[in-house]
4 protein chains.
Amino acid sequence: MGDVKAGAVDGAVGGAVVKRQKRMPRAVREQQMLDAAVRIFGQRGYRAASMDEIAEVAGVSKPLVYLYLNSKEELFTACIRREAAALVAAVRDGVSGGGPADRQLWAGLRAFFAHTAEKPDAWVVLHNQARTQGEPFAAEVAVMREEIVAFVTSLIAEAAREAHRKPELAEREVAGLAQALVGAAESLAGWANGDASVSAKGAAATLMNFAWAGLGELMEGRRWVP
Amino acid sequence: MGDVKAGAVDGAVGGAVVKRQKRMPRAVREQQMLDAAVRIFGQRGYRAASMDEIAEVAGVSKPLVYLYLNSKEELFTACIRREAAALVAAVRDGVSGGGPADRQLWAGLRAFFAHTAEKPDAWVVLHNQARTQGEPFAAEVAVMREEIVAFVTSLIAEAAREAHRKPELAEREVAGLAQALVGAAESLAGWANGDASVSAKGAAATLMNFAWAGLGELMEGRRWVP
Amino acid sequence: MGDVKAGAVDGAVGGAVVKRQKRMPRAVREQQMLDAAVRIFGQRGYRAASMDEIAEVAGVSKPLVYLYLNSKEELFTACIRREAAALVAAVRDGVSGGGPADRQLWAGLRAFFAHTAEKPDAWVVLHNQARTQGEPFAAEVAVMREEIVAFVTSLIAEAAREAHRKPELAEREVAGLAQALVGAAESLAGWANGDASVSAKGAAATLMNFAWAGLGELMEGRRWVP
Amino acid sequence: MGDVKAGAVDGAVGGAVVKRQKRMPRAVREQQMLDAAVRIFGQRGYRAASMDEIAEVAGVSKPLVYLYLNSKEELFTACIRREAAALVAAVRDGVSGGGPADRQLWAGLRAFFAHTAEKPDAWVVLHNQARTQGEPFAAEVAVMREEIVAFVTSLIAEAAREAHRKPELAEREVAGLAQALVGAAESLAGWANGDASVSAKGAAATLMNFAWAGLGELMEGRRWVP
DNA sequence: GATGAATGAGAATTCATTCAT
DNA sequence: GATGAATGAATTCTCATTCAT
C-alpha cells in the first residue's frame with residue numbers, strides 16, 4: 001500500500017457532498033468550504049486531507065478555494081479559529097446564567113460535552129489535529145485552551161472563596177487542578193464520543209462528581225501525602 | 001509554500017544524527033531505526049515524517065529501512081509496539097512494590113510521569129500520533145490503554161474494599177472514574193512535558209491529591225448533585 | 001497498486017523451492033540457478049523477475065548468483081542459450097531417423113510440440129520474453145530460429161525434389177513458406193499449451209495436414225491468384 | 001550496469017517528441033498520450049517503459065498523464081483497447097466488400113498486413129507485450145483475437161459449404177485450422193515488419209497460397225496420415 | 001565457497017498550487 | 001466570479017549490485 005488513508009476504512013467520508021450551485025455570496029461559499037474542510041481534516045488528518053477532496057466536498061472548484069482561503073495552511077487555521085470560537089461561545093452560553101461556582105462549572109461542562117458530541121469532526125480538529133501539526137496551529141488552540149483553563153481556574157478560586165478557604169490553596173496548585181480538570185474533560189469528550197451509551201449529561205455528571213468532591217476535600221485542607 | 005514541515009521551524013529535528021557506522025548486526029540496526037523513527041514521528045507527525053529523514057537520522061540508507069521494517073506502516077506499528085511495551089513496563093516496575101492501593105496508585109503515577117517526561121517523543125507517538133492515524137494504529141494503543149485503565153480500575157475497587165464501602169460505587173461508575181483519572185494523567189503528561197518547571201513528582205502529587213480526595217468523598221457516598 | 005506482478009495471480013510461482021544444500025559442485029549449482037531463473041523469467045517476465053526471487057527459488061544466496069552468472073543480463077542470456085540448445089536438440093533427436101521429407105517434418109513437429117509442452121516456462125522465455133526484451137536477447141533466439149527455419153526450408157526443397165517439381169517453387173517462395181510454417185507451429189505451441197485437451201501429437205497432426213496438403217498443391221503449380 | 005534499457009541501443013526512442021503545446025482540450029491530449037504510450041510500450045516493453053519517458057514523449061508533465069489515465073496499468077489497458085479496436089476495424093473495412101470466401105480472406109489478410117506494417121509499435125503492444133504481461137492485459141487481447149479467429153472460422157466453413165464438402169471437415173478441425181492460419185499470419189506480420197523487402201501484399205499472397213491450397217486439399221478429403 | 005549487511009539509482013504516484021480563459 | 005488545464009517537487013517503495021567476513 002502506498003500510504004494510509006487515515007481515519008476512514010475505505011476513504012469514504014460520511015455526510016453529503018454539497019450540490020454544486022452557482023453564484024453564492026462569498027460569505028456563504030466560505031462557510032461551505034470551512035464546513036467541508038473541518039469534515040475532511042477531522043476524518044483524514046491535516047496531512048492526509050487533500051485540497052482536491054475538500055473542494056469536491058464543498059462543491060466548488062479548487063482554484064476558488066485558493067482564491068478565498070489562500071493556502072492549505074490558512075484554510076486549516078481558519079477552521080481552527082472558527083471552531084475554537086464556536087466551542088468557547090457554546091461554553092460561555094452554557095454558563096451565562098451565573099449562580100454559585102459549582103453550578104457554573106456544571107453548566108459549562110454540560111455545554112462542553114454537548115458541543116463536542118454534536119460536532120465530533122470539529123473536536124477532532126481542535127483536540128487531535130491542530131495540536132499535533134506543529135507550531136502555527138498548536139499555538140492557535142493553545143490560546144483557546146488557556147481561555148478555558150483560566151475560566152476554570154477562576155471558578156475554583158471563587159469556590160474556595162465561597163468556602164472561605166482560600167489560604168489553603170496556593171495559586172500554583174489551583175492552576176494545576178484546573179489543568180487536570182480540563183484534561184479530564186478533554187479525555188472524557190473523546191471517550192463519550194466513541195461510546196454511544198454515554199450522554200453529554202452523563203459524562204458531565206461523572207466528572208463533576210469526581211472533581212467537586214476532590215476539590216472540597218482539598219479546600220478543607222485535607223490532602224493526600226505519600 | 002509547498003507544504004508545512006510541521007513541528008519545527010526549519011525542518012531541523014533536534015538530537016544527534018547517528019554517525020554512519022558500517023556492518024552492525026541486524027538487531028542493533030533495527031533499534032537504531034526505531035529510535036530515529038520515534039523521534040521523527042514524534043516531532044513531525046506520521047504523515048509529515050518522511051522515510052528519507054528517518055533513514056538519514058538513523059544513519060543508514062533508505063533501502064535498509066525497508067529491508068528490515070518493510071513499510072512506513074509497519075515501521076510505525078513497530079514504534080508503537082515498542083514504546084507501548086516500554087511504558088507499560090515502566091509503570092509495572094514502579095508499582096511492583098505492592099502495598100495499599102493508594103501507595104500503588106501513587107507509585108504508578110510517578111513512574112508514568114517520569115517515563116513520559118524522559119521520552120517525550122515516544123509519548124507523543126503513543127498519545128497524539130497513533131490515536132489519530134486511523135484504525136490499524138489506534139487499535140494498537142487502545143490495547144495498551146485498556147490495560148492501564150483496567151489496572152487503575154482494580155486499584156479503585158480495591159481502595160473501596162479497603163474502606164469497606166463497596167456498595168456505594170457502581171461498577172460502571174468505577175470505570176468512568178478510571179477513565180477520567182487516566183485522561184487527567186495523560187493530559188498532565190503533556191502539560192508537564194511542555195513546562196520544565198513541573199517535575200514528574202509534582203505532576204503526580206497534584207493529580208493524586210485531586211483524585212484521592214475525590215475518591216474518598218465518593219466512597220463516603222457523598223456526591224455532587226445538580 | 002504499485003505495479004503488476006505479471007503472469008501470476010498472486011505472485012506465487014508454482015513448483016518447489018530448491019532446499020538449501022551446502023557445498024555442491026559448481027556445475028550443479030549453476031544448473032539449479034538456471035532452472036530457477038527460467039521458471040521465474042517465464043512466469044514473471046524479464047523485467048518483473050527479481051534476482052531476489054530467483055536466488056530464493058534456486059536455494060542460494062544472491063551473491064552466489066552474481067558470482068556464477070555475473071548479472072541479470074548474463075543470467076537471462078544463459079537461460080536463453082541453454083533452452084534454445086535444448087529445443088534444437090530435441091527437434092534434431094526427433095528427426096534423427098531420416099526417411100522421406102514428409103516423415104521427417106512430421107517427426108520434427110511432434111518433437112517440437114512435445115518439448116514445448118513439457119517445458120512451458122522455457123518456451124515462454126524463448127518465444128515471448130527473449131524476443132521482446134530488445135537486442136542482446138532477441139538476436140540470441142533469432143539464431144536458433146534461423147536454424148530451424150533453414151532446416152524446414154531444406155525439407156521443403158527436398159520434398160519438391162522428391163516430387164520432381166523444383167522449378168515451380170522459387171527459392172524466395174520456399175523461404176516464405178518455411179517462415180509461415182514455423183510461425184504456425186510457434187503459434188500452435190502456445191495454443192496447445194493453454195488448452196489441455198490438445199496433445200502434442202494432435203497439434204502436430206493438425207499442422208501437418210494443413211501444411212503438407214498445401215505444399216503439395218503448390219508443388220503441382222496450382223496456386224491461388226487474386 | 002543497473003539494468004538494460006531494452007529495445008534500443010542507448011535508450012533513444014525513434015520518432016519526434018511532441019512539441020510542448022499549452023492548453024489543449026482533454027480529448028486531444030489524451031490521444032497524444034496514448035500515441036506516446038504505444039510507442040514507448042512497443043519499443044521498451046511494458047515493464048521497462050517509464051511513465052517519465054511517456055510523459056516526455058507526449059509533451060506533457062507526468063501528473064497530467066496520471067490525471068487523465070490514472071495509472072500505468074490503466075494507461076496500458078487504454079492503449080490495448082484503442083489499438084485492438086483499430087486493428088479489428090481495419091480488417092473489417094478491408095473485408096467489407098463481401099464476395100466469395102476466398103476473396104474475403106484475401107482482403108482481410110491484406111488489410112491485416114497493411115495495418116500492422118503501418119503501426120508496428122501498436123502491433124508489438126498487442127501481440128508481444130499485452131499477451132505476456134499477465135491476466136488483466138492478456139484477456140483484453142484474447143477477446144480481439146477470438147473475434148478474428150471466429151471470423152476466419154466462418155470463412156473456412158463457408159468455403160467448405162461453397163465447395164459442397166462440409167461433411168469432410170469436423171468443426172473441431174476447422175477451429176484448429178483457423179488457429180493455425182491466424183497464428184501464421186501473426187508470425188508473418190512480425191517477419192514482414194522486420195524485413196523491408198516484404199510488402200503487405202507479398203505477405204498476404206504467400207500465406208494465401210499456402211493456406212488456400214491446403215484447405216482445398218483438405219476439403220477434398222485428402223489428408224496427410226503418418 | 002558462501003553470505004549477511006548495505007546502497008545508488010530510479011520507479012510509480014500524489015499533492016499543493018497556479019495560469020489562461 | 002469561476003474553472004479546466006497544467007506542473008514542480010516530494011514521497012513511498014523496489015531493484016540490481018557489491019563488500020567484508
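Convention: sequence-line order gives letters A, B, ...; per-chain numbering from 1. Remember, predicted model here, so these are calculated numbers, not experimental data.
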Which part of the nucleic acid, if any, lies within contact of D:Arg26, taking any heavy atom under 4.0 Å across all strands shown: a base, the sugar-phosphate backbone alone, or nothing?
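Contact class for D:Arg26: sugar-phosphate only.
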For the pair made of [atom1] in [X] and [atom2] in [N], what is the distance, rounded to whole Å?
X: D:Arg29; N: F:dA5; atom1: CZ; atom2: P; answer: 10 Å
X: B:Leu67; N: F:dA16; atom1: CG; atom2: P; answer: 14 Å
X: D:Arg23; N: F:dG4; atom1: CZ; atom2: P; answer: 11 Å
X: C:Lys72; N: F:dT18; atom1: NZ; atom2: P; answer: 15 Å
X: B:Arg47; N: E:dT13; atom1: CZ; atom2: P; answer: 16 Å
X: D:Glu73; N: E:dA11; atom1: CD; atom2: C1'; answer: 15 Å
X: C:Phe76; N: F:dC15; atom1: CZ; atom2: P; answer: 17 Å
X: B:Met51; N: E:dT13; atom1: CE; atom2: C1'; answer: 16 Å

Taking the six-membered ring of B:Tyr46 (Phe, Tyr or Trp), confirm whether the NZ or CZ of B:Lys72 is under 6.0 Å from its centre and within 45° of its axis.
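Yes; both conditions hold, so B:Lys72 lies above the ring face of B:Tyr46.
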Would a 4.5 Å heavy-atom cut-off, applied to side chains only, mark [X] and [Y] as touching?
X: B:Val38; Y: B:Val124; value: no
X: C:Glu74; Y: C:Leu69; value: no
X: D:Gln31; Y: D:Arg82; value: yes
X: D:Lys62; Y: D:Glu56; value: no

Among the candidates [options], find the nucleotide nearest to the side-chain atoms of [X].
X: B:Pro63; options: F:dC15, E:dG4, E:dC19; value: F:dC15
X: B:Tyr68; options: E:dA5, E:dT13, F:dT12; value: E:dA5
X: A:Ser50; options: F:dC19, E:dA2, E:dA16; value: E:dA16
X: B:Leu64; options: E:dA2, E:dT7, F:dC13; value: E:dT7

Position toward the 5' end of DNA chain F (nearest nucleotide), C:Lys62 or D:Lys62:
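Residue closer to the 5' terminus by nearest nucleotide: D:Lys62.
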Under the salt bridge (Lys or Arg N to Asp or Glu O under 4.0 Å) test, which residues partner B:Asp121, sequence neighbours left out?
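B:Asp121 satisfies salt bridge (Lys or Arg N to Asp or Glu O under 4.0 Å) with no other residue.
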How does DNA chain E look in dot-bracket form if you count Watson-Crick and G-U pairs under 3.5 Å, write [ ] for pairs that cross, and put | where a base pairs with another strand?
.||||||||||||||||||||
Can you see if the side chain of A:Tyr66 gets near the phosphate of F:dA2 - specifically, an N or O under 4.0 Å from OP1 or OP2?
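False: A:Tyr66 side-chain N/O out of range (4.0 Å or more) of F:dA2 OP1/OP2.
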List for me each residue that meets side-chain contact (heavy atoms from CB on, under 4.5 Å) alongside C:Tyr68, sequence neighbours excluded, and say none if there are none.
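C:Tyr68: side-chain contact (heavy atoms from CB on, under 4.5 Å) contacts with C:Arg26, C:Arg29, C:Glu30, C:Met33, C:Leu64.
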